[in-house]
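In what follows, chains are A, B, ... by sequence order, proteins preceding strands, each numbered from 1. On a predicted model such as this, the values are computed, not experimentally measured, just so you know.
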Amino acid sequence: MSKARVRFAPSPTGPLHIGGARSALFNWLYARHSGGEFIVRIEDTDLDRSKREFEEEILLSLRWLGLDWDEGVEVGGQNGPYRQTERLDIYREVAEKLLQTGHAYHCYCTEEELAAEREAFMAKGELPRYGGRCRDLCQADREKLEAEGKRSVLRFKVPEDRIISVNDMVRGKVDFACEGIGDFIIVKSDGIPTYNFAVAVDDHLMEINHVIRAEEHLPNTPRQILIYEALAWETPSFAHISLILGKDRAKMSKRHGATSLEQYRKQGYLPEALFNFLSLLGWSPGGEDEVLSMENIVEQFQLDRVSKSPAVFDLDKLNWINGFYIRQSPLEKIVELALPYLKEGGYVPEEPTGQDKAQFRAMISVVRNYLSNLAEITDHVEIFYKDPTYEEEDMQAVLKQDQVSQVLSAVRQRITDAGLLNEESAKAMIKKLPKELGIGGKKVFMPLRVALTGHTQGPELYQVIPALGMEKTLKRLDKAIAVASST
RNA sequence: GGCCCCAUGGUCAAGCGGUUCAAGACACCGCCCUUUCACGGCGGUAACCCGGGUUCGAAUCCCGGUGGGGUCACCA
């Protein structure tokens with residue numbers, strides 16, 4: 001069997017949607033698993049909505065996710081150009097052929113006429129579609145209409161009484177009756193091809209042999225097959241993967257929260273987490289492990305393990321897996337990735353010094369355990385910047401216990417004596433405290449925690465002290481001692 | 001509404017006619033670890049949409065119903 005050639009063909013009318021990303025991912029996985037080729041083509045035939053900025057953003061998102069392509073826009077290849085608006089001559093030529101072989105014809109109906117026709121059908125309770133008005137226009141009719149300056153579109157002549165079978169790799173055989181299709185437009189009045197026409201032409205010319213795309217395209221497939229047949233082209237295999245749904249089980253859209261990959265990137269989700277998560281949406285390796293490396297997924301990915309039923313996008317699970325990757329990644333990497341959020345929150349100078357970085361490193365190492373995305377880091381880092389006031393009731397309750405000022409003073413003494421503490425020495429010092437002071441653990445740790453962080457819960461104290469640094473540690477201790485001593 | 005797709009716990013899902021038969025993960029609950037929280041470890045609650053068939057035997061096959069979804073553009 002020849003090499004698999006698959007493609008992802010986004011239209012640059014918006015950022016890369018989470019569903020689009022998943023389609024791209026599955027195509028890429030299929031290609032990489034089978035040693036085939038992955039092509040990226042831009043479908044920009046919607047002149048009004050397509051924007052170059054979107055194209056760039058989509059490409060950036062794909063790369064961020066970790067995908068690369070063997071052929072396509074930006075990387076070139078044997079079958080270019082890879083942007084549909086740069087292939088207009090090609091479509092024109094194919095359209096001409098269809099016209100000559102009687103598979104297509106000019107239609108002069110105006111939008112108003114079509115709308116009226118549609119309404120008439122509806123009124124009669126029939127399905128609204130093109131009735132075939134211009135189907136059998138003779139040469140003279142056409143010349144007359146042309147002379148009147150009427151604009152025309154090209155329609156594909158759909159055969160009657162035929163059943164088109166789509167042999168879908170995930171769904172099996174799906175039949176469509178031509179009766180329900182109606183002659184569809186292949187070239188718009190401005191000469192630009194429509195989606196159904198351009199995809200078929202491009203997929204064939206680019207030698208795509210497996211079309212993997214979202215289920216919403218399933219009803220389009222018979223139209224494309226008709227075009228392949230009219231041109232005597234071999235049809236590719238199709239695989240329609242199920243949709244990604246929002247919490248309410250409707251197709252994911254803006255009202256379900258973040259829908260573009262870019263939004264997740266900005267919130268501090270790691271590409272490997274999204275990659276892992278998205279690959280599990282509709283596909284399952286069958287084993288028990290769900291945290292899988294890119295290599296592992298590539299190795300195991302198969303289309304026959306792709307689910308037919310739609311999948312609800314589960315943010316909880318994404319959060320979990322992303323948090324997992326945040327904890328697993330090398331600290332240096334997380335420091336680099338977290339810095340922008342800290343900068344934006346005003347916690348870090350634009351140009352941090354080496355010493356600053358060491359401090360952040362300690363801090364980030366402490367708070368990363370609490371994160372499900374990097375943007376959350378500013379919330380957790382607050383304890384290191386905002387000096388506690390100890391005004392809250394529960395803070396007061398803790399600090400006003402017996403012996404608190406003695407405990408805090410003792411700690412202060414030890415820290416000053418020891419100089420700058422690191423995690424190990426801080427841990428050793430803290431551990432000995434209850435015994436040395438002859439006071440129960442809870443009575444020493446809770447006041448200390450409150451004094452240092454202004455909270456009754458949080459990271460290990462031996463981590464807090466080094467991350468806080470000597471200056472702040474002593475300052476907070478002094479303030480807490482003052483509060484504890486006052487009555 | 002027509003056409004089409006789908007149907008295992010709250011969510012993602014394993015299962016492809018019978019010694020695994022109801023895995024695993026997220027979420028939730030409990031316990032342990034930690035004299036805090038989180039992480040981590042251990043355990044628990046929780047599912048085959050309904051009705052007919054086929055079969056010695058159905059979550060698994062067929063039909064119907066119900067439910068959900070997609071699609072019906074000179075958008076892709």
Taking atom [atom1] in both [N] and [M], what distance in whole Å separates the two?
| N | M | atom1 | value |
| --- | --- | --- | --- |
| B:G30 | B:U45 | C1' | 10 Å |
| B:A46 | B:C28 | C1' | 10 Å |
| B:U54 | B:C12 | P | 34 Å |
| B:A14 | B:G9 | C1' | 13 Å |
| B:G1 | B:G18 | P | 39 Å |
| B:C75 | B:U20 | C1' | 50 Å |
| B:G64 | B:C26 | C1' | 36 Å |
| B:C63 | B:C48 | P | 23 Å |

Does [X] reach a base, just sugar-phosphate, or nothing at all? Heavy atoms under 4.0 Å.
| X | value |
| --- | --- |
| A:His217 | base |
| A:Phe313 | nothing |
| A:Cys109 | base |
| A:Arg151 | nothing |
| A:Gly282 | sugar-phosphate |
| A:Asp316 | sugar-phosphate |
| A:Asn220 | base |
| A:Val153 | base |
| A:Pro434 | base |
| A:Arg249 | sugar-phosphate |
| A:Thr13 | nothing |
| A:Lys251 | sugar-phosphate |
| A:Glu288 | sugar-phosphate |

Is there a donor-acceptor contact under 3.5 Å linking the side chains of [X] and [Y]?
| X | Y | value |
| --- | --- | --- |
| A:Ser242 | A:Arg171 | no |
| A:Glu376 | A:Ser372 | yes |
| A:Gln302 | A:Tyr30 | no |

In terms of side-chain heavy atoms of [X], which of [options] is nearest?
| X | options | value |
| --- | --- | --- |
| A:Ser309 | B:A7, B:C12, B:A76 | B:A7 |
| A:Ile185 | B:A76, B:C74, B:C3 | B:C74 |
| A:Glu460 | B:A25, B:U71, B:U34 | B:U34 |
| A:Thr194 | B:C75, B:C12, B:G70 | B:C75 |
| A:Glu216 | B:G70, B:C5, B:C12 | B:G70 |
| A:Leu243 | B:U34, B:G70, B:C74 | B:G70 |
| A:Thr45 | B:U34, B:A76, B:A27 | B:A76 |

Hey, would you say the [X] and [Y] ring centroids sit under 6.0 Å apart?
| X | Y | value |
| --- | --- | --- |
| A:Phe313 | A:Phe277 | yes |
| A:Tyr195 | A:His217 | yes |
| A:Trp283 | A:Phe301 | yes |

Separation of [X] atom [atom1] from [N] atom [atom2], in whole Å?
| X | N | atom1 | atom2 | result |
| --- | --- | --- | --- | --- |
| A:Ile383 | B:C37 | CD1 | C1' | 11 Å |
| A:Tyr462 | B:C39 | OH | C1' | 11 Å |
| A:Leu318 | B:A13 | CG | P | 14 Å |
| A:Gln224 | B:A76 | CD | C1' | 11 Å |
| A:Gln300 | B:A14 | CD | P | 13 Å |
| A:Arg327 | B:G41 | CZ | P | 10 Å |
| A:Lys308 | B:U8 | NZ | C1' | 14 Å |
| A:Lys427 | B:U34 | NZ | C1' | 10 Å |

Please list, chain by chain and in numerical order, all residues satisfying salt bridge (charged side-chain N to carboxylate O under 4.0 Å, His left out) with A:Arg52, sequence neighbours excluded.
A:Glu55
Any side-chain N or O of [X] below 4.0 angstrom from OP1/OP2 of [N]?
| X | N | result |
| --- | --- | --- |
| A:Lys431 | B:U34 | no |
| A:Lys247 | B:G10 | no |
| A:Arg305 | B:G15 | yes |

Complementary nucleotide of B:C29, counting Watson-Crick and G-U pairs under 3.5 Å
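Across all strands, the one nucleotide that pairs with B:C29 is B:G43.
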Paired nucleotide for B:C72 [Watson-Crick or G-U wobble; both distances under 3.5 Å]
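Result: B:G1.
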Is a donor-acceptor contact shorter than 3.5 angstrom present between the side chain of [X] and the base of [N]?
| X | N | result |
| --- | --- | --- |
| A:Tyr370 | B:C37 | yes |
| A:Ser189 | B:C74 | yes |
| A:Asn196 | B:A76 | no |
| A:Glu215 | B:G70 | no |

Closest heavy-atom contact between A:Val187 and A:Ile185?
O-CG2, 3.4 Å
Would you call the rings of A:Phe324 and A:Trp320 parallel, tilted or perpendicular if under 30° counts as parallel and over 60° as perpendicular?
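A:Phe324 vs A:Trp320 ring planes: tilted.
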